[in-house]
> 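Quick one: the structure is below, questions incoming.
Heavy atoms only: backbone and side chains are in, while hydrogens, waters and symmetry mates are out. This one's a predicted model, so the numbers in the text were calculated from it and none came from an experiment. Sequence lines set the chain letters: A, B, ... in the order given, protein chains first and strands last, and positions in each chain run from 1.
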Amino acid sequence: MSNETATLPVEAKARSGAFGEFWHYFSMNHGAVLGLIVFVLLVLVAIFAPLIAPHLPNEQYRDALLTPPMWHEGGKSTFILGTDAVGRDMLSRLIYGARYSLFIGLVVVVFSLTSGIILGVLAGYFRGWVDTLIMRVMDIILAFPSLLLALVLVAILGPGLFNAMLAIAVVLQPHFARLTRAAVMAEKNREYVISAKVAGAGHLRLMAVTILPNCLAPLIVQATLSFSNAILEAAALGFLGMGAQPPTPEWGTMLAAAREFILRAPWVVTYPGLAILITVLAINLIGDGLRDAFDPKLKRS
Amino acid sequence: MTQTVLQAKNLVRDYHVGGGLLTKARTVHAVKGVSFSVEKGKTLAIVGESGCGKSTLARIITLIDPATSGDLLIDGNKVDIAHSALTPEMRRKVQIVFQNPYGSLNPRQKIGDVLGEPLKINTDIPAAERRDRAMAMLKKVGLAPEHYNRYPHMFSGGQRQRIAIARALMLNPSLLVLDEPVSALDLSVQAQVLNLLADLQDEFQLTYVFISHDLSVVRYIADDVMVMYFGEAVEYGSRDAVFSDPKHSYTRTLFAATPRADVESIKARLAKKKAA
(Lines give C-alpha, C1' and ligand atoms only; values in the text may rest on other atoms or scores of the structure.)
Protein backbone atom coordinates (compact mmCIF):
# COMPACT_ATOMS: atom_id res chain seq x y z
CA MET A 1 0.00 0.00 0.00
CA SER A 2 2.54 2.54 1.17
CA ASN A 3 5.02 1.49 -1.52
CA GLU A 4 2.40 1.94 -4.16
CA THR A 5 1.52 5.46 -3.10
CA ALA A 6 5.14 6.42 -2.73
CA THR A 7 5.95 5.46 -6.33
CA LEU A 8 2.96 7.30 -7.75
CA PRO A 9 3.94 10.69 -9.12
CA VAL A 10 2.58 13.58 -7.07
CA GLU A 11 0.85 15.24 -10.01
CA ALA A 12 -1.07 12.12 -11.02
CA LYS A 13 -2.29 11.64 -7.47
CA ALA A 14 -3.49 15.21 -7.22
CA ARG A 15 -5.39 14.95 -10.49
CA SER A 16 -7.26 11.74 -9.65
CA GLY A 17 -9.35 14.00 -7.43
CA ALA A 18 -11.25 13.70 -4.23
CA PHE A 19 -13.89 11.39 -5.64
CA GLY A 20 -11.38 8.81 -6.85
CA GLU A 21 -9.85 8.71 -3.41
CA PHE A 22 -13.25 8.42 -1.74
CA TRP A 23 -14.25 5.58 -4.04
CA HIS A 24 -10.98 3.78 -3.37
CA TYR A 25 -11.66 3.65 0.36
CA PHE A 26 -15.40 3.04 -0.01
CA SER A 27 -14.91 0.06 -2.33
CA MET A 28 -12.68 -1.67 0.21
CA ASN A 29 -15.84 -2.31 2.25
CA HIS A 30 -17.64 -5.09 0.35
CA GLY A 31 -20.84 -4.84 2.39
CA ALA A 32 -21.11 -1.17 1.52
CA VAL A 33 -20.66 -1.89 -2.18
CA LEU A 34 -23.37 -4.56 -1.99
CA GLY A 35 -25.65 -2.10 -0.19
CA LEU A 36 -24.94 0.51 -2.81
CA ILE A 37 -25.76 -1.95 -5.64
CA VAL A 38 -29.06 -2.86 -3.99
CA PHE A 39 -29.84 0.79 -3.38
CA VAL A 40 -29.02 1.79 -6.96
CA LEU A 41 -31.25 -1.04 -8.21
CA LEU A 42 -34.03 0.23 -5.96
CA VAL A 43 -33.61 3.75 -7.27
CA LEU A 44 -33.68 2.46 -10.86
CA VAL A 45 -36.81 0.42 -10.11
CA ALA A 46 -38.41 3.52 -8.61
CA ILE A 47 -37.49 5.69 -11.60
CA PHE A 48 -38.56 3.19 -14.26
CA ALA A 49 -41.59 1.87 -12.36
CA PRO A 50 -44.08 2.42 -15.22
CA LEU A 51 -41.87 0.40 -17.57
CA ILE A 52 -41.15 -2.49 -15.22
CA ALA A 53 -44.46 -2.97 -13.43
CA PRO A 54 -46.68 -5.61 -15.10
CA HIS A 55 -49.90 -3.88 -14.00
CA LEU A 56 -51.06 -0.48 -12.86
CA PRO A 57 -50.67 -0.14 -9.08
CA ASN A 58 -54.31 0.74 -8.46
CA GLU A 59 -55.98 -1.49 -11.03
CA GLN A 60 -58.33 -3.91 -9.23
CA TYR A 61 -58.86 -7.43 -10.61
CA ARG A 62 -62.15 -8.31 -8.95
CA ASP A 63 -61.92 -11.95 -10.04
CA ALA A 64 -58.54 -12.45 -8.39
CA LEU A 65 -58.82 -11.26 -4.78
CA LEU A 66 -56.01 -12.46 -2.49
CA THR A 67 -54.42 -14.64 -5.17
CA PRO A 68 -51.29 -16.29 -3.76
CA PRO A 69 -47.87 -15.83 -5.42
CA MET A 70 -47.38 -17.78 -8.65
CA TRP A 71 -45.33 -20.59 -7.13
CA HIS A 72 -48.01 -21.36 -4.55
CA GLU A 73 -50.96 -23.63 -5.17
CA GLY A 74 -53.64 -21.57 -6.95
CA GLY A 75 -51.20 -18.86 -8.01
CA LYS A 76 -51.42 -17.21 -11.40
CA SER A 77 -48.46 -16.33 -13.58
CA THR A 78 -49.89 -12.87 -14.30
CA PHE A 79 -49.66 -11.98 -10.59
CA ILE A 80 -46.09 -12.96 -9.74
CA LEU A 81 -46.31 -12.01 -6.05
CA GLY A 82 -50.07 -12.47 -5.81
CA THR A 83 -52.77 -9.88 -5.24
CA ASP A 84 -54.11 -8.07 -2.18
CA ALA A 85 -57.59 -7.95 -0.66
CA VAL A 86 -59.07 -5.86 -3.48
CA GLY A 87 -57.28 -7.66 -6.29
CA ARG A 88 -54.38 -5.31 -6.96
CA ASP A 89 -51.10 -6.82 -8.17
CA MET A 90 -48.60 -6.90 -5.25
CA LEU A 91 -45.48 -6.71 -7.41
CA SER A 92 -46.69 -3.62 -9.26
CA ARG A 93 -47.65 -1.95 -6.02
CA LEU A 94 -44.27 -2.75 -4.48
CA ILE A 95 -42.48 -1.35 -7.53
CA TYR A 96 -44.47 1.86 -7.43
CA GLY A 97 -44.14 1.93 -3.61
CA ALA A 98 -40.35 2.13 -3.94
CA ARG A 99 -40.94 5.64 -5.29
CA TYR A 100 -42.87 6.75 -2.24
CA SER A 101 -40.69 5.12 0.38
CA LEU A 102 -37.43 6.39 -1.04
CA PHE A 103 -38.93 9.84 -1.53
CA ILE A 104 -40.21 9.97 2.05
CA GLY A 105 -36.91 8.79 3.48
CA LEU A 106 -34.91 11.23 1.39
CA VAL A 107 -37.05 14.29 2.05
CA VAL A 108 -37.31 13.63 5.78
CA VAL A 109 -33.58 13.03 6.18
CA VAL A 110 -32.67 16.11 4.15
CA PHE A 111 -35.07 18.30 6.15
CA SER A 112 -34.11 17.04 9.57
CA LEU A 113 -30.40 16.78 8.78
CA THR A 114 -30.04 20.33 7.50
CA SER A 115 -32.07 21.95 10.25
CA GLY A 116 -30.50 19.72 12.91
CA ILE A 117 -26.97 20.50 11.75
CA ILE A 118 -27.58 24.23 11.58
CA LEU A 119 -29.16 24.38 15.04
CA GLY A 120 -26.64 21.99 16.58
CA VAL A 121 -23.62 23.84 15.21
CA LEU A 122 -24.99 27.19 16.38
CA ALA A 123 -25.72 25.81 19.85
CA GLY A 124 -22.38 24.04 20.22
CA TYR A 125 -20.32 26.86 18.78
CA PHE A 126 -21.79 29.90 20.48
CA ARG A 127 -22.99 28.28 23.71
CA GLY A 128 -24.53 30.73 26.20
CA TRP A 129 -28.14 31.77 25.69
CA VAL A 130 -28.21 30.57 22.06
CA ASP A 131 -27.38 27.08 23.29
CA THR A 132 -29.91 27.22 26.11
CA LEU A 133 -32.69 28.42 23.84
CA ILE A 134 -32.09 25.87 21.08
CA MET A 135 -31.50 22.89 23.31
CA ARG A 136 -34.49 23.54 25.58
CA VAL A 137 -36.74 23.63 22.51
CA MET A 138 -35.16 20.35 21.38
CA ASP A 139 -35.80 18.89 24.83
CA ILE A 140 -39.44 19.86 24.59
CA ILE A 141 -39.75 18.15 21.20
CA LEU A 142 -38.04 15.05 22.57
CA ALA A 143 -40.30 15.00 25.63
CA PHE A 144 -43.33 14.14 23.48
CA PRO A 145 -43.81 10.58 22.24
CA SER A 146 -42.60 10.97 18.67
CA LEU A 147 -45.63 9.47 16.96
CA LEU A 148 -47.99 11.54 19.09
CA LEU A 149 -46.16 14.74 18.22
CA ALA A 150 -46.18 13.82 14.53
CA LEU A 151 -49.92 13.16 14.82
CA VAL A 152 -50.54 16.52 16.44
CA LEU A 153 -48.50 18.28 13.78
CA VAL A 154 -50.36 16.48 10.99
CA ALA A 155 -53.64 17.28 12.66
CA ILE A 156 -52.68 20.96 12.63
CA LEU A 157 -51.23 20.96 9.12
CA GLY A 158 -53.83 18.65 7.64
CA PRO A 159 -53.41 15.02 6.53
CA GLY A 160 -51.34 14.21 3.48
CA LEU A 161 -47.99 12.80 2.49
CA PHE A 162 -46.08 16.09 2.44
CA ASN A 163 -47.35 17.25 5.82
CA ALA A 164 -46.59 13.83 7.25
CA MET A 165 -43.01 14.10 6.00
CA LEU A 166 -42.67 17.56 7.48
CA ALA A 167 -43.99 16.33 10.83
CA ILE A 168 -41.62 13.36 10.87
CA ALA A 169 -38.72 15.64 10.00
CA VAL A 170 -39.55 17.87 12.97
CA VAL A 171 -39.76 14.85 15.24
CA LEU A 172 -36.42 13.37 14.09
CA GLN A 173 -34.55 16.66 13.94
CA PRO A 174 -33.61 16.99 17.68
CA HIS A 175 -31.49 13.85 17.43
CA PHE A 176 -29.38 15.48 14.74
CA ALA A 177 -29.17 18.74 16.66
CA ARG A 178 -27.99 16.96 19.81
CA LEU A 179 -25.42 14.83 18.02
CA THR A 180 -24.06 17.82 16.15
CA ARG A 181 -23.90 19.97 19.28
CA ALA A 182 -22.02 17.31 21.23
CA ALA A 183 -19.53 16.77 18.43
CA VAL A 184 -19.02 20.50 17.89
CA MET A 185 -18.43 21.08 21.59
CA ALA A 186 -15.80 18.34 21.63
CA GLU A 187 -14.02 19.70 18.55
CA LYS A 188 -14.34 23.41 19.29
CA ASN A 189 -11.52 23.65 21.79
CA ARG A 190 -9.13 21.41 19.92
CA GLU A 191 -5.89 23.07 18.98
CA TYR A 192 -6.44 22.87 15.26
CA VAL A 193 -9.57 25.00 15.63
CA ILE A 194 -7.60 27.59 17.61
CA SER A 195 -4.90 27.42 14.94
CA ALA A 196 -7.47 28.16 12.25
CA LYS A 197 -8.72 31.05 14.37
CA VAL A 198 -5.19 32.40 14.70
CA ALA A 199 -4.84 32.06 10.92
CA GLY A 200 -7.76 34.49 10.68
CA ALA A 201 -10.75 32.22 10.02
CA GLY A 202 -14.11 33.82 10.81
CA HIS A 203 -17.01 32.25 12.67
CA LEU A 204 -18.68 30.92 9.55
CA ARG A 205 -15.52 29.34 8.21
CA LEU A 206 -14.66 27.82 11.59
CA MET A 207 -18.14 26.33 11.90
CA ALA A 208 -18.64 25.07 8.36
CA VAL A 209 -15.15 24.31 7.08
CA THR A 210 -13.04 23.52 10.13
CA ILE A 211 -15.34 21.95 12.70
CA LEU A 212 -18.29 20.45 10.83
CA PRO A 213 -16.40 17.97 8.61
CA ASN A 214 -14.93 16.47 11.77
CA CYS A 215 -18.40 15.90 13.21
CA LEU A 216 -19.91 14.06 10.25
CA ALA A 217 -19.27 10.42 11.16
CA PRO A 218 -22.01 10.09 13.82
CA LEU A 219 -24.37 12.19 11.67
CA ILE A 220 -24.02 9.82 8.73
CA VAL A 221 -24.90 6.86 10.89
CA GLN A 222 -27.83 8.75 12.40
CA ALA A 223 -29.02 9.80 8.93
CA THR A 224 -29.14 6.20 7.73
CA LEU A 225 -31.05 5.13 10.82
CA SER A 226 -33.42 8.05 10.37
CA PHE A 227 -34.05 7.03 6.78
CA SER A 228 -35.58 3.75 7.94
CA ASN A 229 -37.25 5.48 10.90
CA ALA A 230 -38.86 7.94 8.50
CA ILE A 231 -40.26 5.15 6.34
CA LEU A 232 -41.65 3.39 9.40
CA GLU A 233 -43.17 6.51 10.93
CA ALA A 234 -44.70 7.48 7.60
CA ALA A 235 -46.26 4.02 7.53
CA ALA A 236 -47.60 4.46 11.05
CA LEU A 237 -49.11 7.80 10.13
CA GLY A 238 -50.60 6.25 7.00
CA PHE A 239 -52.13 3.48 9.11
CA LEU A 240 -53.78 6.10 11.30
CA GLY A 241 -55.13 7.85 8.22
CA MET A 242 -52.84 10.82 8.62
CA GLY A 243 -50.10 10.04 6.11
CA ALA A 244 -50.18 8.65 2.60
CA GLN A 245 -53.86 8.22 1.77
CA PRO A 246 -55.18 4.68 1.09
CA PRO A 247 -54.92 4.09 -2.64
CA THR A 248 -51.29 5.26 -2.57
CA PRO A 249 -49.04 2.19 -2.97
CA GLU A 250 -46.72 3.17 -0.12
CA TRP A 251 -45.03 0.16 1.52
CA GLY A 252 -45.91 1.15 5.08
CA THR A 253 -49.53 1.85 4.19
CA MET A 254 -49.71 -1.49 2.35
CA LEU A 255 -48.30 -3.23 5.39
CA ALA A 256 -50.76 -1.54 7.71
CA ALA A 257 -53.74 -2.22 5.45
CA ALA A 258 -52.83 -5.90 5.16
CA ARG A 259 -52.64 -6.61 8.86
CA GLU A 260 -56.00 -8.30 9.08
CA PHE A 261 -55.02 -10.85 6.39
CA ILE A 262 -51.79 -11.90 8.05
CA LEU A 263 -53.03 -15.46 8.69
CA ARG A 264 -55.12 -15.99 5.55
CA ALA A 265 -52.73 -14.43 3.09
CA PRO A 266 -49.24 -14.03 4.56
CA TRP A 267 -47.75 -12.73 1.26
CA VAL A 268 -49.73 -9.50 1.55
CA VAL A 269 -47.73 -8.64 4.66
CA THR A 270 -44.48 -10.44 3.90
CA TYR A 271 -43.42 -8.69 0.70
CA PRO A 272 -43.90 -5.05 1.76
CA GLY A 273 -42.08 -5.92 5.00
CA LEU A 274 -39.30 -7.59 3.05
CA ALA A 275 -39.05 -4.57 0.77
CA ILE A 276 -38.62 -2.26 3.78
CA LEU A 277 -36.10 -4.65 5.35
CA ILE A 278 -33.96 -4.85 2.22
CA THR A 279 -34.05 -1.09 1.69
CA VAL A 280 -33.12 -0.31 5.29
CA LEU A 281 -30.37 -2.93 5.33
CA ALA A 282 -28.87 -1.63 2.10
CA ILE A 283 -28.90 1.95 3.36
CA ASN A 284 -27.35 0.96 6.69
CA LEU A 285 -24.54 -0.87 4.88
CA ILE A 286 -23.92 2.20 2.75
CA GLY A 287 -23.83 4.33 5.90
CA ASP A 288 -21.17 2.08 7.38
CA GLY A 289 -19.08 2.31 4.24
CA LEU A 290 -19.45 6.08 4.11
CA ARG A 291 -18.30 6.42 7.68
CA ASP A 292 -15.23 4.33 6.98
CA ALA A 293 -14.42 6.29 3.85
CA PHE A 294 -14.92 9.70 5.45
CA ASP A 295 -12.91 8.99 8.57
CA PRO A 296 -9.24 9.49 7.77
CA LYS A 297 -8.21 7.68 10.92
CA LEU A 298 -9.57 4.44 9.49
CA LYS A 299 -7.73 4.90 6.22
CA ARG A 300 -4.60 2.95 5.65
CA SER A 301 -1.67 5.21 5.08
CA MET B 1 19.18 47.01 14.89
CA THR B 2 17.01 47.24 17.95
CA GLN B 3 13.44 47.29 16.86
CA THR B 4 11.02 46.23 19.54
CA VAL B 5 8.50 43.77 18.09
CA LEU B 6 6.56 42.94 21.21
CA GLN B 7 6.08 44.98 24.29
CA ALA B 8 3.84 44.05 27.22
CA LYS B 9 3.09 46.45 30.03
CA ASN B 10 1.56 45.19 33.21
CA LEU B 11 -0.54 42.44 31.62
CA VAL B 12 -3.22 41.02 33.89
CA ARG B 13 -5.60 38.19 33.20
CA ASP B 14 -8.31 37.17 35.65
CA TYR B 15 -10.65 34.26 35.21
CA HIS B 16 -14.02 34.48 36.86
CA VAL B 17 -15.17 31.11 38.04
CA GLY B 18 -18.93 31.22 38.19
CA GLY B 19 -20.52 30.25 41.46
CA GLY B 20 -22.72 27.19 41.51
CA LEU B 21 -25.39 26.23 43.96
CA LEU B 22 -22.97 25.49 46.76
CA THR B 23 -19.82 27.34 45.75
CA LYS B 24 -19.18 31.05 45.72
CA ALA B 25 -18.07 32.80 42.57
CA ARG B 26 -14.39 33.60 42.75
CA THR B 27 -11.69 35.14 40.66
CA VAL B 28 -8.51 33.36 39.65
CA HIS B 29 -5.59 35.63 38.89
CA ALA B 30 -3.79 33.71 36.17
CA VAL B 31 -1.41 36.46 35.17
CA LYS B 32 -0.64 39.25 37.63
CA GLY B 33 0.94 42.24 35.98
CA VAL B 34 3.66 40.96 33.70
CA SER B 35 5.83 43.33 31.68
CA PHE B 36 8.47 42.51 29.12
CA SER B 37 9.67 43.41 25.65
CA VAL B 38 11.28 41.47 22.83
CA GLU B 39 13.44 42.87 20.08
CA LYS B 40 13.38 41.80 16.49
CA GLY B 41 15.24 38.57 15.80
CA LYS B 42 15.55 37.71 19.49
CA THR B 43 14.07 34.94 21.57
CA LEU B 44 12.38 35.43 24.90
CA ALA B 45 11.94 32.24 26.87
CA ILE B 46 9.20 32.06 29.46
CA VAL B 47 9.87 29.40 32.04
CA GLY B 48 7.78 28.16 34.89
CA GLU B 49 5.97 25.23 36.40
CA SER B 50 2.57 23.91 35.32
CA GLY B 51 -0.26 26.33 36.04
CA CYS B 52 1.92 29.38 36.51
CA GLY B 53 0.25 31.33 33.72
CA LYS B 54 2.64 30.61 30.85
CA SER B 55 0.00 29.38 28.44
CA THR B 56 -2.46 32.08 29.45
CA LEU B 57 0.21 34.62 28.62
CA ALA B 58 0.80 32.85 25.29
CA ARG B 59 -2.89 33.12 24.44
CA ILE B 60 -2.88 36.82 25.26
CA ILE B 61 0.19 37.49 23.14
CA THR B 62 -1.26 35.47 20.25
CA LEU B 63 -4.41 37.60 20.47
CA ILE B 64 -6.65 34.60 21.16
CA ASP B 65 -7.85 35.83 24.55
CA PRO B 66 -7.94 39.44 25.68
CA ALA B 67 -5.98 40.62 28.70
CA THR B 68 -8.08 41.86 31.61
CA SER B 69 -5.90 44.94 31.85
CA GLY B 70 -2.53 46.13 30.70
CA ASP B 71 -1.16 47.13 27.31
CA LEU B 72 0.11 44.94 24.53
CA LEU B 73 2.09 46.58 21.74
CA ILE B 74 3.00 44.68 18.60
CA ASP B 75 5.37 46.48 16.22
CA GLY B 76 4.60 49.61 18.19
CA ASN B 77 0.83 49.40 17.66
CA LYS B 78 -1.41 48.99 20.63
CA VAL B 79 -3.70 45.98 20.33
CA ASP B 80 -6.82 45.51 22.38
CA ILE B 81 -9.06 42.69 21.15
CA ALA B 82 -11.51 43.13 24.02
CA HIS B 83 -12.71 46.48 22.71
CA SER B 84 -11.99 46.63 19.01
CA ALA B 85 -12.00 44.04 16.25
CA LEU B 86 -8.68 42.67 15.20
CA THR B 87 -7.48 43.84 11.80
CA PRO B 88 -6.20 41.17 9.39
CA GLU B 89 -2.78 42.88 9.32
CA MET B 90 -2.42 42.46 13.08
CA ARG B 91 -3.66 38.90 12.86
CA ARG B 92 -0.92 38.08 10.38
CA LYS B 93 1.83 39.44 12.59
CA VAL B 94 1.51 36.90 15.39
CA GLN B 95 1.27 33.17 14.90
CA ILE B 96 1.50 30.25 17.31
CA VAL B 97 2.85 26.70 17.41
CA PHE B 98 1.19 24.47 19.96
CA GLN B 99 2.62 21.84 22.23
CA ASN B 100 0.62 18.87 21.01
CA PRO B 101 1.48 18.04 17.41
CA TYR B 102 -1.34 15.50 17.29
CA GLY B 103 -4.11 17.96 18.10
CA SER B 104 -2.96 21.02 16.24
CA LEU B 105 -3.62 19.77 12.70
CA ASN B 106 -7.13 19.27 11.36
CA PRO B 107 -7.40 15.51 10.73
CA ARG B 108 -9.52 16.09 7.64
CA GLN B 109 -7.29 18.61 5.97
CA LYS B 110 -4.51 17.59 3.67
CA ILE B 111 -1.15 19.17 4.41
CA GLY B 112 -1.40 21.32 1.31
CA ASP B 113 -4.71 22.74 2.50
CA VAL B 114 -3.36 23.22 6.03
CA LEU B 115 -0.58 25.38 4.62
CA GLY B 116 -2.73 27.11 2.02
CA GLU B 117 -5.54 28.03 4.40
CA PRO B 118 -3.92 31.09 6.03
CA LEU B 119 -3.19 32.52 2.57
CA LYS B 120 -6.67 31.73 1.32
CA ILE B 121 -8.29 33.52 4.24
CA ASN B 122 -6.03 36.54 4.42
CA THR B 123 -4.89 37.22 0.88
CA ASP B 124 -6.12 37.20 -2.72
CA ILE B 125 -3.26 35.04 -3.93
CA PRO B 126 -4.49 32.66 -6.69
CA ALA B 127 -4.63 28.93 -6.00
CA ALA B 128 -1.62 28.06 -8.15
CA GLU B 129 0.62 30.48 -6.31
CA ARG B 130 -0.68 29.35 -2.93
CA ARG B 131 0.32 25.86 -3.94
CA ASP B 132 3.80 26.95 -4.96
CA ARG B 133 4.31 28.85 -1.73
CA ALA B 134 3.11 25.90 0.34
CA MET B 135 5.48 23.60 -1.55
CA ALA B 136 8.36 25.99 -0.95
CA MET B 137 7.52 26.19 2.75
CA LEU B 138 7.36 22.39 2.99
CA LYS B 139 10.89 22.17 1.63
CA LYS B 140 12.03 24.92 3.96
CA VAL B 141 10.93 23.01 7.07
CA GLY B 142 12.58 19.82 5.84
CA LEU B 143 9.65 17.97 4.30
CA ALA B 144 9.23 16.86 0.70
CA PRO B 145 6.76 17.99 -2.01
CA GLU B 146 5.12 14.55 -2.05
CA HIS B 147 3.88 15.25 1.48
CA TYR B 148 1.60 17.94 0.04
CA ASN B 149 -1.35 15.60 -0.56
CA ARG B 150 -1.14 13.56 2.63
CA TYR B 151 -3.25 13.67 5.74
CA PRO B 152 -1.82 14.58 9.17
CA HIS B 153 -2.24 11.05 10.55
CA MET B 154 0.35 9.81 8.07
CA PHE B 155 3.10 11.80 9.79
CA SER B 156 5.22 11.35 12.90
CA GLY B 157 5.12 13.80 15.80
CA GLY B 158 8.27 15.60 14.68
CA GLN B 159 7.01 15.92 11.11
CA ARG B 160 3.70 17.27 12.32
CA GLN B 161 5.45 19.88 14.42
CA ARG B 162 7.37 20.89 11.30
CA ILE B 163 4.05 21.23 9.49
CA ALA B 164 2.65 23.33 12.34
CA ILE B 165 5.72 25.58 12.15
CA ALA B 166 5.34 25.83 8.37
CA ARG B 167 1.69 26.83 8.73
CA ALA B 168 2.59 29.48 11.28
CA LEU B 169 5.17 30.92 8.87
CA MET B 170 2.92 31.03 5.79
CA LEU B 171 1.77 34.58 6.56
CA ASN B 172 5.29 35.89 7.20
CA PRO B 173 4.59 36.81 10.83
CA SER B 174 7.00 39.01 12.70
CA LEU B 175 6.34 37.23 15.99
CA LEU B 176 6.04 33.51 16.57
CA VAL B 177 4.76 32.20 19.89
CA LEU B 178 6.03 28.69 20.59
CA ASP B 179 4.01 27.06 23.35
CA GLU B 180 6.23 24.20 24.49
CA PRO B 181 6.83 23.18 20.87
CA VAL B 182 9.23 20.36 21.61
CA SER B 183 8.09 18.95 24.93
CA ALA B 184 5.93 16.28 23.27
CA LEU B 185 8.80 15.06 21.09
CA ASP B 186 11.59 12.65 21.88
CA LEU B 187 15.10 13.98 22.43
CA SER B 188 16.65 13.50 18.99
CA VAL B 189 13.61 14.98 17.29
CA GLN B 190 13.63 17.85 19.82
CA ALA B 191 17.13 18.73 18.67
CA GLN B 192 16.11 18.65 15.01
CA VAL B 193 13.12 20.89 15.57
CA LEU B 194 15.11 23.32 17.72
CA ASN B 195 17.78 23.53 15.02
CA LEU B 196 15.08 24.14 12.44
CA LEU B 197 13.65 26.94 14.58
CA ALA B 198 17.09 28.50 14.96
CA ASP B 199 17.69 28.33 11.18
CA LEU B 200 14.31 29.85 10.41
CA GLN B 201 14.94 32.63 12.89
CA ASP B 202 18.16 33.53 11.12
CA GLU B 203 16.59 33.35 7.69
CA PHE B 204 13.41 35.36 8.33
CA GLN B 205 14.60 37.55 11.21
CA LEU B 206 11.84 36.03 13.31
CA THR B 207 11.10 36.98 16.87
CA TYR B 208 10.24 34.12 19.18
CA VAL B 209 8.41 33.91 22.46
CA PHE B 210 9.41 30.46 23.57
CA ILE B 211 7.42 28.89 26.37
CA SER B 212 8.97 25.94 28.08
CA HIS B 213 9.61 24.17 31.32
CA ASP B 214 12.74 22.52 30.02
CA LEU B 215 15.75 24.55 31.13
CA SER B 216 18.24 22.81 28.85
CA VAL B 217 16.13 23.77 25.86
CA VAL B 218 15.82 27.32 27.14
CA ARG B 219 19.56 27.61 27.63
CA TYR B 220 20.03 26.55 24.01
CA ILE B 221 17.55 28.84 22.28
CA ALA B 222 16.89 31.88 24.46
CA ASP B 223 18.36 35.36 24.41
CA ASP B 224 16.28 36.60 27.33
CA VAL B 225 14.63 34.55 30.03
CA MET B 226 11.58 35.30 32.13
CA VAL B 227 10.73 33.04 35.03
CA MET B 228 7.08 32.91 36.07
CA TYR B 229 5.78 31.78 39.41
CA PHE B 230 2.08 31.88 40.31
CA GLY B 231 1.27 34.41 37.61
CA GLU B 232 4.12 36.75 38.42
CA ALA B 233 7.37 37.33 36.60
CA VAL B 234 9.84 36.68 39.40
CA GLU B 235 12.93 36.93 37.28
CA TYR B 236 13.56 38.67 33.98
CA GLY B 237 16.87 39.29 32.30
CA SER B 238 19.33 38.08 29.70
CA ARG B 239 19.94 34.36 29.55
CA ASP B 240 23.44 34.53 30.95
CA ALA B 241 22.42 36.82 33.79
CA VAL B 242 19.54 34.62 34.83
CA PHE B 243 21.42 31.36 34.56
CA SER B 244 24.62 32.51 36.24
CA ASP B 245 23.09 34.63 38.98
CA PRO B 246 19.48 33.78 39.77
CA LYS B 247 18.02 36.38 42.11
CA HIS B 248 14.75 34.89 43.21
CA SER B 249 14.57 31.86 45.46
CA TYR B 250 12.13 30.11 43.13
CA THR B 251 14.54 30.41 40.22
CA ARG B 252 17.28 28.87 42.35
CA THR B 253 15.01 26.02 43.32
CA LEU B 254 14.10 25.53 39.68
CA PHE B 255 17.72 25.36 38.58
CA ALA B 256 18.64 23.08 41.44
CA ALA B 257 15.84 20.72 40.45
CA THR B 258 17.19 20.29 36.94
CA PRO B 259 19.22 17.13 36.51
CA ARG B 260 22.70 18.01 35.38
CA ALA B 261 24.32 15.90 32.72
CA ASP B 262 27.60 17.70 32.03
CA VAL B 263 30.87 15.86 32.59
CA GLU B 264 31.99 17.83 35.64
CA SER B 265 28.82 17.30 37.57
CA ILE B 266 28.81 13.59 36.75
CA LYS B 267 32.42 13.34 37.95
CA ALA B 268 31.56 15.25 41.09
CA ARG B 269 28.60 12.98 41.73
CA LEU B 270 30.71 9.86 41.26
CA ALA B 271 33.38 11.23 43.56
CA LYS B 272 30.74 11.95 46.18
CA LYS B 273 29.41 8.42 45.84
CA LYS B 274 32.90 6.94 46.22
CA ALA B 275 33.55 9.03 49.32
CA ALA B 276 30.32 7.96 50.95
> Compare all side-chain heavy atoms of A:Thr210 with those of B:Glu117 and state whether any distance is below 4.5 angstrom.
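The answer is yes, as the side chains (C-beta and beyond) meet within the 4.5 Å cut-off.
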> Could you walk me through whether A:Leu216 and B:Arg108 pass the side-chain contact (heavy atoms from CB on, under 4.5 Å) test, one step at a time?
CA-CA 11 Å; A:Leu216 283 182; B:Arg108 261 163 223 285; 5.7 Å; no
> List the steps, then state whether side-chain contact (heavy atoms from CB on, under 4.5 Å) holds for B:Phe98 with A:Ile194.
CA-CA 10 Å; B:Phe98 287 105; A:Ile194 300 173; 3.5 Å; yes
> Which atoms of B:Arg92 are under 4.5 Å from chain A, going by heavy atoms: the side chain, the backbone, both sets, or neither?
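Contact with chain A: none, neither part.
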> Taking every non-hydrogen pair under 4.5 Å, which of B:Asn100, B:Val114, B:Thr62 racks up the most with chain A?
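Ranked by heavy-atom pairs under 4.5 Å with chain A, first place is B:Asn100.
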> Look at B:Ile121, B:Val94, B:Leu119, B:Asn106 and state which one has the largest set of heavy-atom pairs under 4.5 Å with chain A.
B:Asn106
> Do B:Leu105 and A:Glu191 have side chains that get closer than 4.5 Å, going by heavy atoms?
no
> Assess whether atom NZ of B:Lys93 is packed by more than 12 heavy atoms of other residues, nucleotides or ligands within 6.0 Å.
yes
> Are more than 12 heavy atoms, taken from residues, nucleotides or ligands other than B:Tyr15, located less than 6.0 Å from that residue's OH atom?
yes
> Which one of B:Ile64, B:Val177, B:Leu63, B:Leu171 satisfies the side-chain contact (heavy atoms from CB on, under 4.5 Å) criterion with A:Val198?
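Exactly one option meets the side-chain contact (heavy atoms from CB on, under 4.5 Å) with A:Val198, and it is B:Ile64.
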> Decide yes or no for A:Tyr192 and B:Pro107: does some side-chain heavy atom of the first lie under 4.5 Å from some side-chain heavy atom of the second?
yes
> Can you tell me if B:Tyr102 has over 12 outside heavy atoms packed within less than 6.0 Å of its OH?
yes
> Between B:Asn122 (side chain only) and A:Ala199 (backbone N and O only), is there a donor and an acceptor less than 3.5 Å apart?
yes
> Taking A:Arg190 for the side chain and B:Ser104 for the main chain, is one N or O donor matched with an acceptor at less than 3.5 Å?
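Not at all, since once roles are kept as given, no pair shorter than 3.5 Å links the two residues.
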> Crowded around A:Lys188 NZ? As in, over 12 foreign heavy atoms under 6.0 Å?
yes
